[in-house]
Amino acid sequence: MNVDLHCHSNVSDGVLPPAKVAKVAREAGVDVWALTDHDEVGGIAAARAAAAEQGMRFVTGVEISITWAGETVHIVGLQIDENNPALVQGLEATRSGRDNRGREIAVQLAKAGIPDAYEGALKYVSNPNLMSRTHFARYIVEIGACRNTSEVFKKYLCEGKPGYVEHRWATLEQSVQWIRGAGGIAVIAHPGRYKFSDTAEGVLFDEFKQMGGTAIEVVTGSHTPDQYPEYARLANAYGFLASRGTDFHAPGEARVDFKLLPPLPNNVTPVWHDWF
Ligand code: AMP
Ligand code: MN
Ligand code: MN
Ligand code: MN
């Protein structure tokens, strides 16, 4: 069974509308699918309807931006009630700083030789409440300053680079509470992408577990292949279930697409083990 529990639509920083993502996922063989837009559940209704139409099992999801130990971390919520008031309000608060951050990113980019980036990025934004660094990255590729979005992040948008603007998101505790309060399961997204020491990562895992976190992503398009066995081992060591998802944003934009993502290693317990 092909289970993909991490995808983006143009309701956050993906390029396809939710129904189109469902179609692309289904055509690539996905059987169980979650839409996990950043800090947003506005695409869920359309995604659910499209998944049903495609004969694909749908899982309600979201990817919440948090700040932990001064770094941005992403927490995926699965099987949430997307109408839960505390969750809805929490996400709204999380989104609210994005536009101002975008304006500041543009100011910084202008100093680094990329003018008019706010307007440029805005052309790629389809949800006005969700301006993302990804939209800036697509604009910077468009003007030819970099060859691809990955290069833009390395040169301009990652921490320590000229277009990076400090931002304080929700806390780990808030995100887990919102997700669990909405009946959902909390999952640490792409743990291998954060720049934590092994010790700090262990503290994150312990705190997350104590707060009621359930799983970590093991096989994700945001991990390198050598990180799959590494995070399988850590999932087992910490007693986490394992999740899997492409982190799809746009056709051809990332290293792996739906068809290229391997299954979970068989020594882990999938987060979906008792779902059906
Ligand atoms: P934001 O939520 O606006 O800070 O943007 C975060 C998004 O930027 C992530 O969800 C990814 O889609 C994208 N992103 C972050 N780091 C990278 C990277 N190194 N290469 C490509 N995309 C990235
Ligand atoms: Mn993204
Ligand atoms: Mn993420
Ligand atoms: Mn993601």
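Atoms within a ligand are numbered from 1 in the order they appear, just like the ligands themselves. Everything numeric in this text was worked out from a predicted model, so none of it was measured.
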Can you confirm whether Arg180 is buried at CZ, in the sense that more than 12 heavy atoms of other residues, nucleotides or ligands lie under 6.0 Å from that atom? no
So CE of Met131 and OH of Tyr124: to nearest 0.5 Å the spacing works out to 12.0 Å
Ion pair check, Glu53 and Arg26, cut-off under 4.0 Å: no
Mind listing the side-chain donor-acceptor pairs of residues 267-276 below 3.5 Å, one per line with the distance, residues two or more places apart or on another chain?
unit_1, atom_1, unit_2, atom_2, d
Trp275, NE1, Val271, O, 3.3

For the Mn ion (ligand 2), which N, O or S atom of Asp13 is at the shortest distance? OD2
Can we call the ring centroids of Phe208 and Phe240 under 6.0 Å apart? yes
Atom name in His249, limited to N/O/S, at shortest distance from the Mn ion (ligand 2): NE2
Distances under 2.8 Å only: what protein N/O/S atoms are near the Mn ion (ligand 3), ordered by chain and residue? Glu63 OE2, His74 ND1, His190 NE2
Whether His190 and His6 hold their rings parallel, tilted or perpendicular, with breakpoints at 30° and 60°: tilted
Is Glu40 salt-bridged to Arg95, going by a charged N under 4.0 Å from an acidic O? yes
